Amino acid sequence: MKKQRGVLLDVDGTLADSNDAHARAWHTALAEHHYRHDLALVRSWIGMGGDHLLPKATGLDAEHPVARAISKRRGEILKQEHLPRIAPFPRCRELLVRMKQDGLMLVVASSASEDELDLILSRCDVHDLLHATTSSDDAEHSKPDPDILQAALKRAQLAPADACMLGDTPYDVEAAQRAGVPIVALRCGGWGDADLAGAIAVYENPAALLIEYDDSPFGALGRRTS
């Protein structure tokens, strides 16, 4: 009997070119509530969930009424102003098809809320390739805490050693390390190699990973399923 192995997938900045959209939505929502920060600083927080971002940006607990109002407004801005322009990175679907052809189980592990995640996955046209999805709704704490990855592993019935993550931020790398899962990182989310230290391999984007797939950690993981 073949042993099941899988890929834990981040979405924003990894499959979808959406990190700037998230940063702008947060930046606007914070400013509307009189918390003004440089956009570049807000951008550096993208990849962690609101439970971590809001205390950094406001000094308030994420459950504080003002923080909750900011989070709600950010979601409205994202959907109304930015979502229609969010697109997948080139060859994103092809990459996931290749992983699935190798017998790898594809499980999303994202800090996004479930409703936003569903919308962005629809923009990427990959729903049919996924075994399961986990979001911030499935975990007590978002990345860089390991909770979402642990929930994804549990849902897919995978051991950490039988999975590899694909992500794009230092928060993905930290969460994967804390969950005991090796991680491959992509630069297309906006971070450089020094920021992604701890990843077992780094590629420019999904298309570059697909070109080098056979020699990548995912190619090796797929061969272990045969």
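Nothing fancy with the numbering, it's 1 onward along the sequence. These numbers were taken from a predicted model, which means no experiment stands behind them.
- More than 12 heavy atoms of other residues, nucleotides or ligands lie within 6.0 Å of CD in E81, so this atom counts as buried by the packing criterion.
- L60 and A67 make their closest contact through CD1-N, 4.3 Å (heavy atoms, listed as atom of the first residue, atom of the second, distance).
- Among M99, E94, R93, the one residue that satisfies the side chain to side chain contact (heavy atoms under 4.5 Å, CB included) test with V97 is R93.
- A salt bridge is defined here as a Lys NZ or Arg NE, NH1 or NH2 lying under 4.0 Å from an Asp or Glu carboxylate O, and R74 with E32 fails to meet this definition.
- The environment of R24 atom CZ is sparse: at most 12 non-hydrogen atoms of other residues, nucleotides or ligands sit within 6.0 angstrom.
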Fill in: Verdict with supporting geometry, D115 and K79, salt bridge (charged side-chain N to carboxylate O under 4.0 Å, His left out)
CA-CA 10 Å; D115 62 331; K79 292 174 185 177; 2.7 Å; yes
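- The neighbour count for E204 CD, taken as heavy atoms of other residues, nucleotides or ligands under 6.0 Å away, is above 12.
- One finds no salt bridge joining R123 and D17 here, because no Lys/Arg side-chain nitrogen approaches an Asp/Glu carboxylate oxygen to under 4.0 Å.
- When all heavy atoms are compared, the tightest approach of L30 to T58 is CD2-CG2, 3.7 Å.
- Separation of the H22 and W45 ring centroids does not fall under the 6.0 Å cut-off.
- Atom CZ of R68 is surrounded by 12 or fewer heavy atoms from other residues, nucleotides or ligands within 6.0 Å.
- A donor-acceptor distance shorter than 3.5 angstrom exists from the side chain of R155 to the backbone of T133, with no hydrogens or angles considered.
- Using a 4.0 Å cut-off between charged side-chain N and carboxylate O, R223 and D214 make no salt bridge.
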Practice prompt. Check the pair V66 / Y35 against side-chain contact (heavy atoms from CB on, under 4.5 Å), numbers first and verdict last.
Written response: CA-CA 11 Å; V66 172; Y35 293 95; 4.3 Å; yes
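- The two residues V107 and A152 make their nearest non-hydrogen contact at CG1-CB, 3.8 Å.
- For the pair R43 and W191, the cation sits on the ring face: its NZ or CZ lies under 6.0 Å from the ring centre, inside 45° of the axis.
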